[in-house]
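Worksheet: the structure to be examined is printed underneath.
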Amino acid sequence: MGTGKKPSVTHFRKMKQEGRRIVMLTAYDAPTAALAHECGIDILLVGDSLGMAVLGYQSTLQVTLEQSLHHCAAVRRGAPDAFVIGDMPFMTCHSGERDALLHAARYLQEAQCDAVKIEGDAALAPTVERMVHAGIPVMGHVGLLPQHIKTAGGYRISGKTEETAEQILRDAKAMEEAGAFALVLECMPAALAQRLTNELSIPTLGIGAGPHCSGQVQVMHDLLGFFSGFKPKHAKQYADLSAVIRKAFTEYAEEVRNGAFPSEEHSF
Ligand code: KIV
């Protein structure tokens with residue numbers, strides 16, 4: 001399986017130092033993971049956006065550890081040489097440090113991920129430190145935290161006031177000090193993301209955080225135009241896959257009904 005030639009966490013820090021932008025994309029299954037890796041995506045994130053993108057949930061809160069691991073393992077099988085990060089779902093880091101560590105370890109041992117991502121503020125820094133100490137690379141995630149929508153009152157741009165911006169800065173620095181190798185910055189003013197990127201030595205991956213981050217991350221299904229009725233402001237649609245799929249499904253149904261498929265070509 002694979003050639004064994006894949007980047008390590010130090011590679012991404014070097015990319016930041018050299019001013020080379022890091023490209024991260026979510027992936028949830030083997031075939032699209034293979035395509036993304038083939039196209040030079042630097043990091044595949046098996047985000048808990050899995051819940052909405054693939055599993056049909058209304059939010060990320062319903063995603064379980066087992067579901068996440070199942071999809072991480074599929075992504076790894078599809079892209080053996082990619083740098084794959086498993087996104088730890090809601091509550092998997094909050095029921096005690098021991099549980100958090102054991103849950104994180106499953107991403108490396110069972111799903112063969114290279115790292116885990118954890119959403120949260122400075123309160124999680126000791127947990128991150130224990131993970132890193134145990135040999136588990138951790139990517140932090142600050143700003144808008146989709147796992148906190150119930151307490152935050154919905155999906156809100158974070159860091160718009162001086163007070164909340166300073167809080168995000170403190171959270172980000174706590175994550176860096178705890179040993180996180182990189183940080184996702186989600187939905188915050190571009191100027192704040194720029195300040196964070198300048199003040200931290202670890203790379204920042206922005207989503208709705210402007211152009212000054214060390215790299216960008218997007219949800220694959222937003223980028224491909226999978227959901228015709230839903231276009232988040234921070235996402236650019238590079239393809240209209242829902243139209244392509246609709247056309248193919250409609251033609252298939254028509255051809256079965258009118259007898260055009262299967263033709264001789266598809267028969268034995
Ligand atoms: O779950 C996810 O896909 C994420 C990215 C949006 C960063 O956390």
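In listed order, ligands and their atoms are each counted from 1. Treat the numbers as computed from the prediction; the structure is a model and nothing was measured. Scope of the values below: all heavy atoms of this structure, side chains included, with no hydrogens, waters or symmetry mates.
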| query | Taking Val23 as the fixed residue, which of Asp42, Ile43, Leu205, Val217 is the one that meets the side-chain contact (heavy atoms from CB on, under 4.5 Å) rule? | reply | Asp42

| said: Please check whether Asp48 reaches ligand 1 - meaning an N/O of the residue sits under 3.5 Å from an N/O of the ligand, judged on distance alone. | reply: yes

| query | Is it true that a side-chain atom of Thr151 and a backbone atom of His148 form a donor plus acceptor pair closer than 3.5 Å? | reply | yes

| said: Students should be able to answer this: which protein heavy-atom is nearest to atom 3 (O) of ligand 1, and at what distance? | reply: Ser49 OG, 2.5 Å

| Distance-only N or O hit between ligand 1 and Glu186, under 3.5 Å | no

| query | Does ligand 1 have a heavy atom under 4.0 Å from the side chain of Leu205, from its backbone, from both, or from neither? | reply | neither

| query | Do the non-hydrogen side-chain atoms of Val46 and Val84 ever get within less than 4.5 Å of each other? | reply | yes

| Mind checking whether Gln218 has a heavy atom under 4.0 Å from ligand 1? | no

| query | Under the 3.5 angstrom rule, does the side chain of His141 hit a backbone N or O of Val184 as a donor-acceptor pair? | reply | no

| query | Hey, does the side chain of Gln237 reach the backbone of Ala239 with a donor-acceptor pair shorter than 3.5 angstrom? | reply | yes

| said: Show the atoms of ligand 1 that are less than 4.0 angstrom away from any heavy atom in Thr26. | reply: 3 (O)

| Can you tell me which residue and heavy atom of the protein come closest to atom 4 (C) of ligand 1, and the distance to 0.1 Å? | Leu45 CD2, 3.8 Å

| task | For Gly47, counting its heavy atoms only, list the atoms of ligand 1 lying under 4.0 Å from any of them. | result | 1 (O), 2 (C), 3 (O)

| Is the backbone of Ile202 close enough, under 3.5 Å, to the side chain of Lys16 for a donor and an acceptor to pair up by distance? | yes

| Pair Phe83 and His11, ring centroids less than 6.0 Å apart | no

| task | Please answer whether the main-chain N or O of Cys187 pairs with a side-chain N or O of Ser158 as donor and acceptor at a distance below 3.5 Å. | result | yes

| N/O to N/O below 3.5 Å, does that happen between Lys117 and ligand 1? | yes

| Proximity flag His141 to ligand 1, non-hydrogen atoms under 4.0 Å | yes

| note | The closest protein heavy-atom partner of atom 6 (C) of ligand 1 is Ile207 CD1, 3.6 Å

